[in-house]
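Let me begin by presenting the structure, written as structure tokens, before commenting on it.
Computed from a prediction, not measured in an experiment: that's the story for all the values here. FYI, the numbering just counts along the sequence from 1.
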Amino acid sequence: MQSPAAIRVELGTRSYEIRVGAGNLSALGRWLEPLARGPRVALLTDPAVDALYGEAARASLASSGFSVATVIVPEGEEHKSLAGLARVYERLAEVGVERTSTLIALGGGVIGDLSGFAAATYLRGIDFVQVPTTLLAQVDSAIGGKTGVNLRVGKNLVGAVHQPRLVVADVDLLRSLPRRELVGGMAEVVKYGVILSPSLFAYLEENRDLLDALDRDALTYVVRECAALKAKVVAEDEHESGLRAILNFGHTLGHALEAATEYRSYVHGEAVAIGLAFAVGVSVRRHGFPPTLANRVIRLLESLGLPTCLPAEIRPEALVRAMATDKKKDQDRVKFIGVEDLGRTRFEVLSLGELEEALRAA
Ligand code: GLY
């Protein structure tokens, strides 16, 4: 299948392309060649991804003349930490990464965020490329330059905005993704449909079976649409001074739910799906979002295999406490993103009391 044209993230001299398609991994070296400042690259990945795709990535890079060192980061969010970052720096020094080298993140969100922050800071900043291997990373985290690590007190509290030089998303890589991760990624896809694209939303409703069967064309269409939507938002508001915050739709509750359940009960996308259902419910009550549309959102999430209900055992107070410690809140008030219609968002500042009330009504 021919790879469709690249999507551009327009950021002046820091603009870059996102390549979405089936079989793209084999073209990584060819696409990097005109961009790279030097012949050395460090491929950062985890053992599972390395076993699946490391060879193919190295072969593509080597055939374009790059000398490749592989840096393996153990799997798991716990390695997206200051200690994990220090180990990455040491390995980058050991393998001889220089100012002109490029760091390549081959993996999901953990690898992307950690590699991106290492690239933002090592030698005061080197180039990096995102090769996302999960649906979540392909449609969201690999695009837009948010990088960072977690602290014990909260996620992503230390970081930098450092844009990649190139994003290469190969939808064939999604075939090896555990089902739960793939379905989780679909929550972010639904989010884009609800906040930015009625046509994507309708496509998801009509083509759920194709997506379920990992149809290459359907996956390419969906990842491409989401990447293009995110590219536009990032180009308009790189540092989240306004518009970019709409991408947090459904995440206020989603993050709180993950924190309140100690990151054990839900994969990120499942918590986001519950957050999306909550956000459309609040939107019906406060922003005139039509109940028929809210039902369609919930039906779509459920038909994709995502949860939409808060578990009975979690008390609203626990969720509000978790929201109160989220870095996106400001003095006991939370910027809540609602929708008035498909593709039309609205910001509202809610007190923690109002949020608790909304949770009780959910
Ligand atoms: N994941 C939301 C953003 O990149 O802004």
Using side-chain heavy atoms (C-beta onward) and a distance below 4.5 Å, is [X] in contact with [Y]?
{"X": "R360", "Y": "E356", "answer": "yes"}
{"X": "L276", "Y": "L306", "answer": "no"}
{"X": "V234", "Y": "Q163", "answer": "yes"}
{"X": "K230", "Y": "R244", "answer": "yes"}
{"X": "M323", "Y": "L359", "answer": "yes"}
{"X": "L157", "Y": "N150", "answer": "no"}
{"X": "L200", "Y": "C226", "answer": "yes"}
{"X": "F347", "Y": "K335", "answer": "yes"}

Is there a path of hydrophobic side-chain contacts, each under 4.5 Å between heavy atoms of I, L, V, M, F, W or Y residues, that connects [X] with [Y]?
{"X": "I143", "Y": "L177", "result": "yes"}
{"X": "L136", "Y": "V190", "result": "no"}
{"X": "L151", "Y": "F117", "result": "yes"}
{"X": "L11", "Y": "I7", "result": "yes"}

Distance only, no hydrogens: is a donor on one side chain within 3.5 Å (strictly under) of an acceptor on the other, for [X] and [Y]?
{"X": "T45", "Y": "Y53", "answer": "no"}
{"X": "R165", "Y": "T102", "answer": "no"}
{"X": "S197", "Y": "Y203", "answer": "no"}

- Message: Ring-plane angle category for F128 and H162, please: parallel below 30°, perpendicular beyond 60°, tilted otherwise.
- Response: parallel

- Item | Check: N24 side chain, D170 main-chain N or O, donor-acceptor pair, under 3.5 Å | no

- Query: Just by modelled atom types, is the F249 backbone N or O under 3.5 Å from a matching donor or acceptor in the H251 side chain?
  - Reply: yes

- Note on the structure: d(D140 CG, H268 NE2) to nearest 0.5 Å is 7.0 Å

- So how far is it from R296 CZ to F201 CZ, rounded to the nearest 0.5 Å?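 Spacing of CZ (R296) from CZ (F201) equals 5.5 Å.
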
- Query: L253 pairs by side-chain contact (heavy atoms from CB on, under 4.5 Å) with which of L355, V272, L319, V320?
  - Reply: L319

